[in-house]
Amino acid sequence: MDVADAIPTLETVTADDIEAFHREREKILASVRDRLARDAELDFAARDLPSARIAAECAKIFAENLYVSVKYGLPGALHDYLAWLRPYLAAHALPPSFIAKMLSAFQCAALAFVAEPSNEIVSAALRGLRQADNSRTREGGA
Amino acid sequence: MTTPDARRDALLDVACAGERRACFDLARQWEAEGISAREFYNDIVLRALAELGFRWERNELSIAEEHIATEIIREVVAFKASAIRPAPSAKGIALVGCVPGEQHDIAGLILSNLLEEDGWSTRFFGQSVPKEDIVALAARMQPALACLIARTLPRLDSTVELAREIGAASPRTRIIVGGIDSPALRSILRPYVHGFADCPVTAVTTANSLAG
């Protein structure tokens, strides 16, 4: 999925889902960070302090944007943030593979959240992240 | 004739070089040339700040360099405040500052200058003030006007909460939000605020029409 693709509608998200996300968003954020940190290709980011800082900060801001986008039903705003993020990361000399994976991790979290809004929302988001991760690992090994 | 763009570039050059005194000299020179407040704040200062942000985004300036230049420009705005001759009319108290979490407070400083010049008694609280403290201040002062700055999507939540609570604590206060131009975000805020401003100059016009 490309950044330019629209995020699905948020109309089915309920107040309970939003509260669940608010309570658990640190876990979602941690999973994104963890996923980036465990990626062998992205070892450089762990060693390179400025890159690691940029990635962590962007993940934090992404989580804030996702929360507000979902709470107020503003998928376009989230899309704008993701569209802004790519050139920002590129300008900071982060490798294209890193940028693609980071944006993909963010989008998976967002899509998993809006695609399956329920009381299980956090686990759905994490499941989506894991599935995307596994699928990319298989593609990489092929 | 010097254009606003040339003036903006001149300010950027000296601010990025860290030359604080040279920035004051430019402000003094433009004052003597009689440039309008709109040109000084909108066409020079705010556009210079926006350009600093773009340069940081493009990694042409480090965070430290961007902050040094920004702080110099903040001092230029404060320097301008020292020359203000407030209008004689007393329009009431205007509370100005950022919603919790928002850090872009220079537009608020500019607005304070303009409101003061226009006859308002301003209280600029800057950034990083907890919501409860701002609401308590509003409850105590019952200001005629509260101008809240929120520039980014994640601040929408705190803007809604702050505006709602100021409205409850000080029902006569007219609330203006600056920094948010998206129609979708404005429609979410509209039930809690009385107006929006695209820039500090238009915020003064909006403030006067609400107070009138």
Side-chain angles (χ1 to χ4, degrees), chain A residues 6-7 9-11 13 15 17-19 21-23 25-26 28-29 48-96 98-99 106 110, chain B residues 16 49-70 98-104 127-128 130-131 148-165 177-193 196:
Chain A
I7 306 287
T9 177
L10 300 173
E11 283 169 7
V13 178
D17 300 322
I18 293 162
E19 285 310 307
F21 178 76
H22 190 52
R23 284 194 304 274
R25 64 178 168 173
E26 274 306 312
I28 293 180
L29 183 53
D48 179 44
L49 198 59
S51 298
R53 186 179 50 72
I54 287 170
E57 188 64 20
C58 288
K60 180 178 151 234
I61 294 170
F62 165 74
E64 290 178 347
N65 274 281
L66 176 58
Y67 171 65
V68 175
S69 297
V70 170
K71 180 168 179 177
Y72 294 100
L74 298 164
L78 184 62
H79 174 254
D80 286 349
Y81 174 69
L82 292 172
W84 173 86
L85 195 55
R86 185 189 289 275
Y88 169 78
L89 293 171
H92 285 71
L94 290 161
F98 178 91
I99 295 169
F106 286 176
Chain B
C16 287
L49 289 168
E51 177 59 25
L52 287 175
F54 292 140
R55 290 184 186 182
W56 163 76
E57 283 178 19
R58 296 193 298 258
N59 204 23
E60 294 165 12
L61 290 176
S62 70
I63 292 174
E65 290 167 330
E66 188 265 334
H67 278 216
I68 288 169
T70 300
C98 293
V99 302
E102 181 59 64
Q103 296 177 331
H104 298 89
Q127 51 161 299
S128 304
K131 179 189 70 180
L148 309 176
I149 298 152
R151 292 278 320 276
T152 52
L153 177 64
R155 303 289 83 84
L156 181 62
D157 221 18
S158 53
T159 309
V160 168
E161 285 180 19
L162 181 60
R164 190 173 53 210
E165 293 187 27
V177 169
I180 287 181
D181 53 7
S182 150
L185 301 194
R186 285 187 174 189
S187 69
I188 289 164
L189 286 166
R190 195 156 284 123
Y192 311 102
V193 308
F196 296 95

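Keep in mind it's a predicted model, so treat the numbers as computed, not measured. Residue numbering restarts at 1 for every chain, and letters A, B, ... go by the order of the sequence lines. Just so you know, these numbers use all the heavy atoms, side chains as well, and skip hydrogens, waters and symmetry mates.
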Rounded to the nearest 0.5 angstrom, the CG-CD distance for Leu85(A) and Glu57(B) is 10.5 Å
How about Arg55(B): does its CZ atom have over 12 heavy atoms from other parts shown lying under 6.0 Å from it? yes
Indicate the ring-plane relationship of Trp56(B) and His92(A), choosing parallel, tilted or perpendicular according to the 30° and 60° boundaries. perpendicular
If you take all heavy atoms of Val68(A) and Leu153(B), which pair is closest and at what distance? CG1-O, 3.5 Å
To the nearest 0.5 Å, atom OH of Tyr72(A) lies from atom CG of Leu189(B) at 8.0 Å
